[in-house]
Amino acid sequence: YVTVDVSSSTNPTFAGEVGIPFGAAAVKVQGDYAYIASRNNTGELLVVDISSSTAPAVAGSLDLSGTSDAISITGFDTTMILGRADGEIVVVDVATPTAPVALGTGTGGDALNDLSLGNNNTYVFAASNEDTSELQIFDISTSSPSQIGVYDLGGDSNGVWYDAATDYAFVVGEDNGAEFISIGSQ
């Protein structure tokens with residue numbers, strides 16, 4: 001994990017770093033912490049204290065069951081949501097960042113490559129490799145996420161962004177270029 005000072009956008013400079021075992025897949029910053037989706041099978045969620053940008057330090061981790069890598073992350077308030085390579089989605093309580101706790105899991109099939117929050121943080125939109133359901137929508141209003149909708153894009157999806165102003169999910173991936181999907185009114 002590397003912190004880069006971009007206060008001068010034309011001259012970014014190194015600020016600090018901390019080693020992450022087995023590689024990081026995605027990051028979400030919330031307050032003084034960076035939450036990292038990790039490929040480490042003994043710590044799929046790593047929590048890095050970034051209160052000192054020049055001296056970031058691993059502050060906590062969460063070991064999830066199984067051996068599937070965490071490959072995507074999103075979050076809000078004291079909740080982080082991880083997407084895993086096996087299609088599992090995990091809701092995590094990070095109220096105490098040094099001791100994150102898995103609250104519940106759901107499944108979507110194949111790799112959940114990217115996640116985006118929507119509908120006032122009650123839905124997660126997932127870009128997936130799952131045949132016939134490359135866009136997946138999960139209800140996370142409880143700690144046990146459930147899949148409530150899918151859309152077949154005809155190819156693996158690598159990225160998704162939900163825009164509340166337009167009520168559209170924007171999805172990109174292999175074999176499908178850019179797809180723009182209306183999910184209906186909130």
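Residue indices begin at 1 and follow the sequence shown. All figures in this text were calculated on a predicted structure; none of them were measured in a lab.
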Please answer whether the main-chain N or O of Ser68 pairs with a side-chain N or O of Arg84 as donor and acceptor at a distance below 3.5 Å. yes
Using modelled atom types and a 3.5 Å cut-off, is there a donor and acceptor pairing between side-chain atoms of Ser128 and backbone atoms of Glu130? yes
Could you tell me if the side chain of Asp5 sits less than 4.5 Å from the side chain of Thr54, heavy atoms only? no
What one should report as the nearest heavy-atom pair of Thr3 and Ser53 is CB-O, 3.5 Å
Determine yes or no for a side-chain-to-main-chain donor-acceptor pair under 3.5 angstrom, with Asp114 supplying the side chain and Val160 the backbone. yes
Would you please classify the geometry between the Tyr35 ring and the Tyr33 ring as parallel, tilted or perpendicular, with 30° and 60° separating the classes? tilted
Say whether Tyr151 and Tyr123 are linked into one hydrophobic cluster, either directly or through other cluster members, by side-chain heavy-atom distances under 4.5 angstrom. yes
Run the side-chain contact (heavy atoms from CB on, under 4.5 Å) test on Ile73 and Ile81 for me, step by step, so that the C-alpha distance in whole Å, both residues' side-chain angles and the decisive distance to 0.1 Å come before the verdict. CA-CA 6 Å; Ile73 190 168; Ile81 297 98; over 6 Å; no
Non-hydrogen atoms of Pro12 and Val4 that approach each other most closely: CB-CG1, 3.8 Å
Does some side-chain heavy atom of Gln136 sit less than 4.5 Å from a side-chain heavy atom of Leu112? yes
Where the side chain of Gln30 meets the backbone of Asp77, is there a donor-acceptor pair that is under 3.5 Å apart? yes
When you group the ILVMFWY residues by side-chain heavy-atom contacts below 4.5 Å and let the links chain together, are Ile71 and Val92 in the same group? no
Strictly distance-based, threshold 3.5 Å: is any side-chain N or O of Glu17 a donor or acceptor partner for the main-chain N or O of Val2? no
Do Leu45 and Leu82 come close enough that some side-chain heavy atom pair is under 4.5 Å? yes
What closest approach, in Å, do Ala70 and Ala25 show between heavy atoms, and which atom pair accounts for it? O-CB, 3.6 Å
Would the distance check show the side chain of Asp163 and the main-chain N or O of Thr166 forming a donor-acceptor pair, the cut-off being under 3.5 Å? yes
What I'd like to find out is whether the side chain of Leu62 reaches to under 4.5 Å of the side chain of Leu64, using heavy atoms alone. yes
With rounding to the nearest 0.5 angstrom, report the CD1 to CG distance, Ile140 to Leu117. 5.5 Å
Just do the side chain to side chain donor-acceptor pair (under 3.5 Å) check on Ser38 and Glu44 with the steps written out, would you? CA-CA 5 Å; Ser38 169; Glu44 289 84 357; over 6 Å; no
Where do Val6 and Ser8 land on the side-chain contact (heavy atoms from CB on, under 4.5 Å) test, with the steps shown first? CA-CA 5 Å; Val6 294; Ser8 171; over 6 Å; no
Hey, does the side chain of Glu134 reach the backbone of Ser157 with a donor-acceptor pair shorter than 3.5 angstrom? no
Before giving the answer on side chain to side chain donor-acceptor pair (under 3.5 Å), spell out for Thr122 and Asn120 the whole-Å C-alpha distance, their side-chain angles and the decisive distance to 0.1 Å. CA-CA 6 Å; Thr122 60; Asn120 297 312; over 6 Å; no
The reported gap from CG in Asp110 to CG in Asp131 (rounded to nearest 0.5 angstrom) is 7.5 Å
Any chance you could measure Asn113, atom CG, to Asp156, atom CG, to the nearest 0.5 Å? 7.5 Å
Does any part of the side chain of Val91, heavy atoms only, come nearer than 4.5 Å to the side chain of Thr79, both counted from C-beta? yes
Taking every non-hydrogen atom, the tightest pair across Pro100 and Pro97: CD-O, 3.5 Å
Donor-acceptor contact present, side-chain Thr142 to main-chain Ser144, <3.5 Å: yes
Just to verify, which of Val124, Leu115, Asn158, Ile89 counts as forming a side-chain contact (heavy atoms from CB on, under 4.5 Å) with Ser72? Leu115
Measuring only between side-chain heavy atoms, which start at C-beta, is Leu46 closer than 4.5 Å to Ile20? yes
Is there side-chain contact between Thr74 and Phe125, with heavy atoms separated by less than 4.5 Å? no
So which atom in Ala126 and which in Phe138 form the shortest heavy-atom distance, rounded to 0.1 Å? CB-CE1, 4.0 Å
Donor-acceptor pair, side chain of Ser116 and main chain of Tyr162, under 3.5 angstrom: yes
Consider only side-chain heavy atoms of I, L, V, M, F, W and Y, link residues closer than 4.5 Å, and tell whether Ile36 and Ile50 are in one cluster. yes
Side-chain heavy atoms nearer than 4.5 Å, only ILVMFWY residues, links allowed to pass through others: does that put Met80 and Val27 together? no
Common cluster, Val29/Val18, ILVMFWY with side-chain heavy-atom separation under 4.5 Å: yes
